[in-house]
Amino acid sequence: MDADAFAFTGLDLIEQRLRKDARKIGYLSLQDRTVRGADEPVGRFDFDERDAAPYLNPAPPVDEGAADPEDDLPDVGEPGPDITPDDLATAAGRWLRETAANNTVGEPSRRFRVRVFGPKGLDFLFSATFVCHNQDEAEDEAGPPLRLPDMPSPSWDQAITDAAMKPLRALGDGYAQFMKLVMATVGQFQGLNNSMHSRQHRQLREAQDQVEQLVASILEFRAAQVEAQEQRKTDEHHQDARTELARQAIKQLGDAAQAFMLARGLPPDLAEVFGTLGTSPELMTSLRDPAVRALMKDPANLRGLAQMLKAAGDQAQAARAAASTPGPEPTPTEATAA
């Protein structure tokens, strides 16, 4: 490979930038971007002694007449004792030129992209592009001078055919474009229709869920209402039953008291009186009062009580008799006045 056959556009500025930022560079990567948008990785150059060694001390020319040239060659690429950042930048430039030239063999030119990073790739410093030109391939492509082809003789039949085919071809292209437009429009309408159906289906499902929840709430309310009514009826039935039992118990107690009085030799009319007295809670409370009972133990008080009861009975009987007896006939004057 003849190195003089390759020329570079934009690489000098990249090498200057490499020497300027040499202390901050960790490594650089080279990509082939001849086809725009399809970058292909080519290689990577680390800023250290290992990658820079082959490009620091170029090999001397080889004597083709020597028997074994490899025995007389000094160690190529062995760095000196002190490698400066400028040396690393120079080695990186040489590596870019050699790698780009190797990848441009057989091509008239190729475009490359350099991406420069800090140590361990933590910082992105800059990126730039350059073009590698292969002059040998460019000359081969040039070839002999261009020779104009012979002009064909005019043919009226071919001209008529071309004149008839061009409108048909244009009409066909127009129909194809129209059909593409129609299919695209139909596709848009179909997508809109599908979206609308999906939205309506989702809304209908949400409305159905709400109706089901509402029906469930109504059924729960009706069940609770029926249960409350049944509970109220049960409570009323229990209350009526307790009232009836109390009424029967009172009646039985009255019958038992009357039977007890009859068993002790009391007349039936006095037993009825004692039964009537037992139905008055106030009278029974008064009779249980110790003061009243002490008064009733005195015979004189009993006689006075008997006289009072007898007088009250007589007055009540007289009042009933007076109410039942008709009065005297009114005089004509009284009747007229009335």
Side-chain angles (χ1 to χ4, degrees), residues 9-10 13-14 17 25-46 96 99-100 102-134 137 141 157-231:
T9 302
L13 296 177
I14 296 176
R17 183 68 182 274
I25 299 175
Y27 69 93
L28 58 87
S29 63
L30 183 63
Q31 297 175 342
D32 185 348
R33 62 173 318 181
T34 304
V35 180
R36 190 174 299 275
D39 295 355
E40 296 182 2
V42 176
R44 167 173 168 166
F45 182 87
D46 292 331
L96 288 175
T99 306
N102 290 334
N103 284 271
T104 316
V105 174
E107 299 288 340
S109 66
R110 298 195 74 85
R111 180 181 295 273
F112 297 92
R113 180 182 184 182
V114 181
R115 294 170 57 88
V116 183
F117 300 87
K120 298 182 180 179
L122 298 179
D123 297 327
F124 175 72
L125 300 181
F126 68 93
S127 66
T129 59
F130 68 93
V131 180
C132 179
H133 304 279
N134 190 349
E137 293 294 333
E141 284 189 356
D157 295 336
Q158 183 66 31
I160 296 174
T161 302
D162 293 341
M165 289 299 295
K166 287 181 179 180
L168 294 177
R169 187 179 299 109
L171 182 61
D173 295 340
Y175 274 118
Q177 294 178 0
F178 176 73
M179 290 303 299
K180 289 181 180 179
L181 179 61
V182 170
M183 294 302 295
T185 305
V186 171
Q188 292 178 356
F189 277 115
Q190 185 65 31
L192 181 62
N193 191 20
N194 293 337
S195 177
M196 185 179 300
H197 278 297
S198 300
R199 183 166 58 254
Q200 291 179 352
H201 176 69
R202 183 173 63 256
Q203 294 176 354
L204 180 61
R205 183 174 56 190
E206 293 176 356
Q208 185 177 2
D209 294 340
Q210 294 178 358
V211 170
E212 291 179 355
Q213 293 177 1
L214 181 60
V215 171
S217 301
I218 294 175
L219 292 178
E220 291 178 358
F221 175 75
R222 288 294 301 163
Q225 188 177 10
V226 171
E227 185 178 358
Q229 291 178 356
E230 293 295 333
Q231 185 66 29

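Being a predicted model, the structure only gives us computed values, none of them experimental. Starting from 1, each residue takes its place in the sequence as its number.
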Does Glu107 reach the side chain of Asn134, with side-chain heavy atoms less than 4.5 Å apart? no
Taken in chain and number order and not counting sequence neighbours, the residues that satisfy side-chain hydrogen bond (donor to acceptor under 3.5 Å, both in side chains) with Ser109 are none
Output for pair (Glu206 CD, His201 NE2), nearest 0.5 Å, gives 10.5 Å
Strictly by salt bridge (charged side-chain N to carboxylate O under 4.0 Å, His left out), give each pair with a member in residues 113-124 just once, sequence neighbours left out. Asp39-Arg113
Correct closest heavy-atom pair for Ile14 and Thr129 would be CD1-O, 4.0 Å
Rounded to the nearest 0.5 Å, what separation is found between the CZ atom of Arg110 and the OG1 atom of Thr34? 3.5 Å
Taken in chain and number order and not counting sequence neighbours, the residues that satisfy side-chain hydrogen bond (donor to acceptor under 3.5 Å, both in side chains) with Arg44 are Asp46
Going by the rule side-chain hydrogen bond (donor to acceptor under 3.5 Å, both in side chains), which residues pair with Asn103 if we only count those two or more places apart in sequence or in a different chain? none
Which side-chain N or O atoms in residues 172-193 pair as donor and acceptor under 3.5 Å with protein atoms at least two apart or in another chain?
residue, atom, partner, partner atom, Å
Thr185, OG1, Leu181, O, 2.8
Gln190, NE2, Asn194, OD1, 3.1
Asn193, OD1, His197, NE2, 3.0

With sequence neighbours left out, the residues meeting side-chain hydrogen bond (donor to acceptor under 3.5 Å, both in side chains) with Gln203 are none
Taking salt bridge (charged side-chain N to carboxylate O under 4.0 Å, His left out) as the test, write out the residues that go with Arg111, two or more places apart. none
Among all residues two or more places apart in sequence or in another chain, which pass the ring pair (Phe, Tyr, Trp, His ring centres under 6.0 Å) test with Phe130? Phe112
Can you give me the closest heavy-atom contact between Thr104 and Cys132, atom names plus distance? OG1-SG, 3.4 Å
Donor-acceptor pairs are to be reported for all side-chain atoms of residues 214-227 against protein atoms at under 3.5 Å, with residues two or more places apart or in another chain.
residue, atom, partner, partner atom, Å
Ser217, OG, Gln213, O, 2.9
Arg222, NH1, Gln225, OE1, 2.8

